[in-house]
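Written below as structure tokens is the structure these notes are about.
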Amino acid sequence: MTSFVLIPGAGGVAWYWHRAVPLIRAAGHEPIAVDLPGDDRRAGLAIYADIVIRAIAERSDLVLVAQSLAGFTAPLVCARVPVRMVVFVNAMIPKPGETAGAWWDATGAVEAREQAAALRGYATEFDVATYFLHDVPQDVLRTGPEQPRQEAETIFREPCRFERWPDVPIHVLAGRDDRFFPIEFQRRVARERLGKEVEEIPGGHLVALSNAEGLTERLLAYEKGLTR
């Protein structure tokens with residue numbers, strides 16, 4: 001049995017994974033949806049990594065799944081516990097020593113987002129409904145928290161202190177309908193920073209909410225490839 005360690009993005013709410021959790025469990029594996037104190041100004045990347053590692057406990061057969069901002073937590077976890085695979089999901093992919101705040105300019109993320117919006121005909125100015133919720137069903141949103149947990153600025157100032165990515169399979173999975181990190185942008189960043197190609201699935205930035213089935217199918221296929 002494989003343990004899928006599911007790290008959420010900004011806000012750190014484990015509920016983000018609630019649709020994928022029963023699907024992973026039904027396939028005979030263990031989902032570990034980690035909750036992070038995104039709104040705590042005292043908590044930075046090192047604390048996030050500590051929380052994930054405590055959730056892992058003594059487990060050893062691990063697939064680490066990092067959504068969006070969690071891409072900055074993933075390498076710190078990998079440096080401290082052995083994982084069998086890393087999967088990025090619409091993720092920020094850091095360089096060693098980079099801060100999440102510097103990542104935006106270094107990758108051209110905002111410019112890429114605005115260019116995609118102008119090309120595709122939706123608002124270039126960010127708002128949650130347009131960029132995060134445009135493909136999430138209303139009945140799914142009604143089961144979630146009334147107010148989203150806001151991410152404190154602390155996390156964006158702390159350098160991501162790691163030396164290298166682990167020598168394990170690394171997959172980059174992206175929603176082809178992601179408006180926040182457009183698919184063309186994700187392809188470029190994955191090639192430049194990991195030398196990897198992106199695998200696309202239908203869905204926007206919050207793909208675990210809008211297309212949990214498609215996401216879980218890919219995660220299980222990756223895991224199956226480990227056991228061949």
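On a predicted model such as this, the values are computed, not experimentally measured, just so you know.
Annotation: side chain of Thr107 is in contact with side chain of Phe185 (closest heavy-atom distance under 4.5 Å). The side-chain heavy atoms of Ile56 and Val83, taken from C-beta on, include no pair separated by under 4.5 Å. The shortest distance between side-chain heavy atoms of Ile51 and Pro37 falls below 4.5 Å. Within the 4.5 Å cutoff, side-chain heavy atoms of Leu194 are placed close to those of Ile93. At least one side-chain heavy atom of Phe72 sits under 4.5 Å from a side-chain heavy atom of Glu98. Looking at heavy atoms from C-beta onward, Pro75 lies in side-chain contact with Trp165 at the 4.5 angstrom threshold. Counting heavy atoms from C-beta outward, Met85 and Val65 have side chains that stay 4.5 Å or more apart. Looking at Val21 and Leu6, their side chains come closer than 4.5 Å, going by heavy atoms from C-beta outward.
Without hydrogens or angle criteria, Glu200 side chain to Arg176 main chain gives no donor-acceptor distance under 3.5 Å. Of the possible donor and acceptor atoms, none in the side chain of Asp135 sits under 3.5 Å from a partner among the backbone N and O of Ser210. Side-chain atoms of Arg179 do not come within 3.5 Å of backbone N or O of Tyr131 as any donor-acceptor pair. Under the 3.5 Å distance criterion, the side-chain polar atoms of Asp39 are left unmatched by any main-chain donor or acceptor of Arg149.
Residues His205 and Ser68 have side chains that bring a donor and an acceptor to within less than 3.5 angstrom of each other. For the residue pair Thr124/Glu114, the side-chain donor-acceptor check at 3.5 Å is not satisfied. No hydrogens or angles considered: a donor-acceptor pair under 3.5 Å links the side chains of Gln186 and Asn90. Side-chain atoms of Tyr222 and Glu217 form no donor-acceptor pair, as typed in the model, at a separation below 3.5 Å.
Residues Arg42 and Ile47 share a closest heavy-atom pair of O-CD1, 3.3 Å. Contact record, Pro8 with Ala70: O-CB, 3.3 Å, taken as the closest heavy-atom pair. In terms of heavy atoms, Gln67 sits closest to Leu206 at NE2-CD2, 4.1 Å. Scanning both residues, Ala174 and Val198, for their nearest heavy atoms gives CB-CG1, 3.5 Å. Considering every non-hydrogen atom in both Gly44 and Ile155, the closest pair reads C-CD1, 3.4 Å. What you find for Ala20 and Ala212 is that their closest heavy atoms are N-CB, 4.0 Å.
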Worked check of side-chain contact (heavy atoms from CB on, under 4.5 Å) between Cys78 and Val86:
CA-CA 9 Å; Cys78 292; Val86 177; 3.6 Å; yes
Derivation of the ring-ring contact (aromatic ring centres under 6.0 Å, His included) call for Phe88 and His171:
CA-CA 6 Å; Phe88 292 106; His171 296 278; over 10 Å; no
From CA spacing to verdict: salt bridge (Lys or Arg N to Asp or Glu O under 4.0 Å), Asp178, Arg113
CA-CA 10 Å; Asp178 191 341; Arg113 173 174 65 77; over 6 Å; no
Under the salt bridge (Lys or Arg N to Asp or Glu O under 4.0 Å) criterion, do Arg120 and Glu184 qualify, and how do the steps go?
CA-CA 13 Å; Arg120 292 167 184 149; Glu184 303 88 353; 2.2 Å; yes
Applying side-chain contact (heavy atoms from CB on, under 4.5 Å), run through Val52 and Thr73 and close with a yes or a no.
CA-CA 9 Å; Val52 175; Thr73 302; 4.2 Å; yes
Tell me, with the steps shown, if Leu23 and Glu213 meet side-chain contact (heavy atoms from CB on, under 4.5 Å).
CA-CA 7 Å; Leu23 300 176; Glu213 294 83 1; 4.2 Å; yes
Could you go through Leu209 and Trp15, starting from their C-alpha distance and side-chain angles, then the distance that decides it, and tell me whether this counts as side-chain contact (heavy atoms from CB on, under 4.5 Å)?
CA-CA 9 Å; Leu209 295 178; Trp15 173 84; 3.8 Å; yes
Would you sort out whether Glu199 and Arg218 count as a salt bridge (Lys or Arg N to Asp or Glu O under 4.0 Å), showing the intermediate values?
CA-CA 9 Å; Glu199 182 169 3; Arg218 292 315 312 151; 2.8 Å; yes
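Atom CH2 in Trp17 sits 9.0 Å away from atom OG1 in Thr216 (nearest 0.5 Å). The CD1 atom of Ile201 lies 5.0 Å from the CG atom of Leu215; values are rounded to the nearest 0.5 Å. If you take CD on Glu158 and CG on Leu45, they are separated by 4.5 Å, rounding to the nearest 0.5 Å. Taken to the nearest 0.5 Å, the CG atom of Leu220 stands 5.5 Å off from the NE2 atom of His29. Interatomic distance, OG of Ser3 versus CG of Asp61, reported as 7.0 Å (0.5 Å rounding). Distance check, rounded to the nearest 0.5 Å: CD1 of Ile7 to OH of Tyr16 gives 12.5 Å.
Ionic pairing of Arg191 and Glu197 is present here: one or more N-O contacts between side-chain nitrogen and carboxylate oxygen are shorter than 4.0 angstrom. In summary, Glu192 and Arg188 engage in a salt bridge, as defined by a charged side-chain N under 4.0 Å from a carboxylate O. Here Arg80 pairs with Asp50 in a salt bridge; the nearest charged N to carboxylate O distance falls below 4.0 Å.
Both Val110 and Val128 are part of a single hydrophobic cluster, where members link through side-chain heavy atoms under 4.5 Å apart.
With Trp104 as reference, Phe181 is the one residue of Phe156, Phe126, Phe181 to meet the ring-ring contact (aromatic ring centres under 6.0 Å, His included) rule.
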